[in-house]
2 protein chains.
Amino acid sequence: MAKDRKIDLVILGLLAHEDLTGYDIKKYIDGSIRFFWKGSFGSIYPALSDMEMQGLVKRKKSDNSGGREKIAYHLTKKGEDALKAWLKEEKVSNELKYETLLKLYFGGVEDRSVTIRNIELFEENIKQNLEILKVYKSNLEKVLDEEDHLYYYLTVTFGIDTYEAYLKWCTKSKKLLKK
Amino acid sequence: MAKDRKIDLVILGLLAHEDLTGYDIKKYIDGSIRFFWKGSFGSIYPALSDMEMQGLVKRKKSDNSGGREKIAYHLTKKGEDALKAWLKEEKVSNELKYETLLKLYFGGVEDRSVTIRNIELFEENIKQNLEILKVYKSNLEKVLDEEDHLYYYLTVTFGIDTYEAYLKWCTKSKKLLKK
DNA sequence: TTTTGATATATCGTTTTGATACATAATGCC
DNA sequence: GGCATTATGTATCAAAACGATATATCAAAA
């Protein structure tokens, strides 16, 4: 695995469950994973090529039932080992760029109304995402007997708990700013 | 302001309060701002040069009281306008790369004990940061009469509320995984 | 029939990261 | 006093990521 390429981890993790194309990987990232990670084609495709050369993933025979090219990748034993090694790495590295908080921090250069509006926009955004997560949660609760679903469930409850804390903060903060 | 350069926003915001060198800006980013943003010298210095050419910031006479070069920057009217325009932009764009959640999501490829350990590591990390934020909070409460401090206070309470929700989730999730 | 939208790979310029280089000033300590 | 370490400060570089766009096929709707 490349020393400093984080996208590899997403790719390895996703391929552990099923063979996927670069496009499939992007869809997963834009789906449930988007709540805590993101990645673009510009990082996915070069990573897949490089990881193939490193023997972490293997290109599957292209499914030419129509003529359109489609390159699905399969996880190798070496790739699985790399994934497991990463899971056992004892370090916490969470990176965030919270533009909402940056605007809040610099709020003093403008009227209070501007900050209140920004909190409202954030609140709306969080409410929408919270609804989506709640649907995920109730769907997962029905299939919790399968081990993998337990992990998905935990990420979803993490999101729900966090978003609910955000919303409480929004209410409280708007009140304080309006005083 | 450059179309897609986010670091500009941090620089504009910080310079709104006082004149700073690139090194000073880095110190702020590694200080209180690190809880919701980050940035390296490799982005700060080139951005400062470029922003000077755009007339957003102005280089101050270097303070040669010792011989060592030191380039402090001052916010121009144009820079202040750019900052205010950004604050009023009605869009929410918060990016995060939560490695802890990625590991959790892919936890199924390893023993439960690995995920439990990862939650513990996350928990320790959050507890440490929470202590720091609580000190910030009690210091800010003494000086809340000044408008700017209110905004810093709000970012701090955001962090505290979020971190406390994280910790509750950690306790709950570890219990669930140990069942 | 056409055009929209989904599927699919790939590349490009710009930005960011993380590390390092280089140099001076201040501080700690034996 | 001498010596090492830490803090201050600017700057650059390779690697990585972003966001947009190009190209092309196919299905479905208008």
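Here is how names work: the chains are called A, B, and so on, in the same order as the sequence lines, proteins then strands, and each is numbered from 1.
Aromatic pair B:F36/A:Y105: ring centres closer than 6.0 Å. Ring centroid separation for the pair B:Y152 and B:Y136 does not come in under the 6.0 Å cut-off. Centroid-to-centroid, the aromatic rings of B:F158 and B:F35 stay 6.0 Å apart or farther.
Between A:K97 and D:dA17 there is no side-chain polar atom (N or O) within less than 4.0 angstrom of OP1 or OP2.
Taking Ile, Leu, Val, Met, Phe, Trp and Tyr as members and joining any whose side-chain heavy atoms lie under 4.5 Å apart, directly or through other members, B:V135 forms no hydrophobic cluster with any other residue.
Rounded to an integer number of Å, the gap from B:D50 CG to D:dA11 C1' is 16 Å. The separation between A:D8 atom CG and C:dT17 atom P is 19 Å, rounded to whole Å. Distance, B:I71 CD1 to D:dG9 P: 11 Å, rounded to whole Å. The separation between A:M51 atom CE and D:dA17 atom C1' is 15 Å, rounded to whole Å. Residue A:R59 contributes atom CZ, which lies 15 Å from atom P of C:dA8 at whole-angstrom precision. A straight line from CZ of A:R5 to P of D:dA14 spans 18 Å, rounded to a whole angstrom. The nearest whole Å value for the distance from the NZ atom in B:K70 to the P atom in D:dA11 is 14 Å. Summarising the geometry, the separation between CG on A:D4 and C1' on C:dA19 is reported as 9 Å, rounded to the nearest angstrom.
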I would like to know whether A:L176 and A:K172 meet side chain to side chain contact (heavy atoms under 4.5 Å, CB included); could you show each step before the answer? CA-CA 6 Å; A:L176 187 62; A:K172 191 173 70 178; over 6 Å; no
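Across the interface with DNA chain C, nearest-nucleotide mapping of A:P46 and B:I7 shows A:P46 to be the residue nearer the 5′ end. When each of B:K6 and B:Y73 is assigned the nucleotide of DNA chain D bearing its nearest heavy atom, the one mapping closer to the 5' terminus is B:Y73.
Atom NZ of A:K168 sits in a sparse spot, with 12 or fewer heavy atoms from other residues, nucleotides or ligands closer than 6.0 Å.
Direction change of the helix axis from one end of the helix from C:dT1-D:dA30 to C:dC30-D:dG1 to the other is 30°, with five pairs defining each end axis (rounded to 10°).
Once rounded to the nearest 0.5 Å, the distance linking CG of B:L9 with CH2 of B:W37 reads 6.5 Å. Atom-to-atom distance recorded for A:L87:CG and A:L12:CG is 9.5 Å, nearest 0.5 angstrom.
Contacts between residues 13-35 of chain A and DNA chain C, defined by a heavy-atom separation below 4.0 Å, involve A:T21, A:G22, A:Y23, A:D24, A:K27, listed by number. Annotation: proximity of residues 37-45 of chain A to DNA chain C (heavy atom, distance under 4.0 Å) is found for A:F41, A:G42, A:Y45, numbered in ascending order.
With sequence neighbours excluded, the residues forming a side-chain contact (heavy atoms from CB on, under 4.5 Å) with B:T115 are A:Y151, B:L104, B:I119, B:L177, listed by chain and number. With sequence neighbours excluded, the residues satisfying side-chain contact (heavy atoms from CB on, under 4.5 Å) with A:T76 are A:K58, A:K78.
Salt-bridge annotation for A:R112 and B:E147: present, with a side-chain N of the basic residue lying under 4.0 Å from a carboxylate O of the acidic one.
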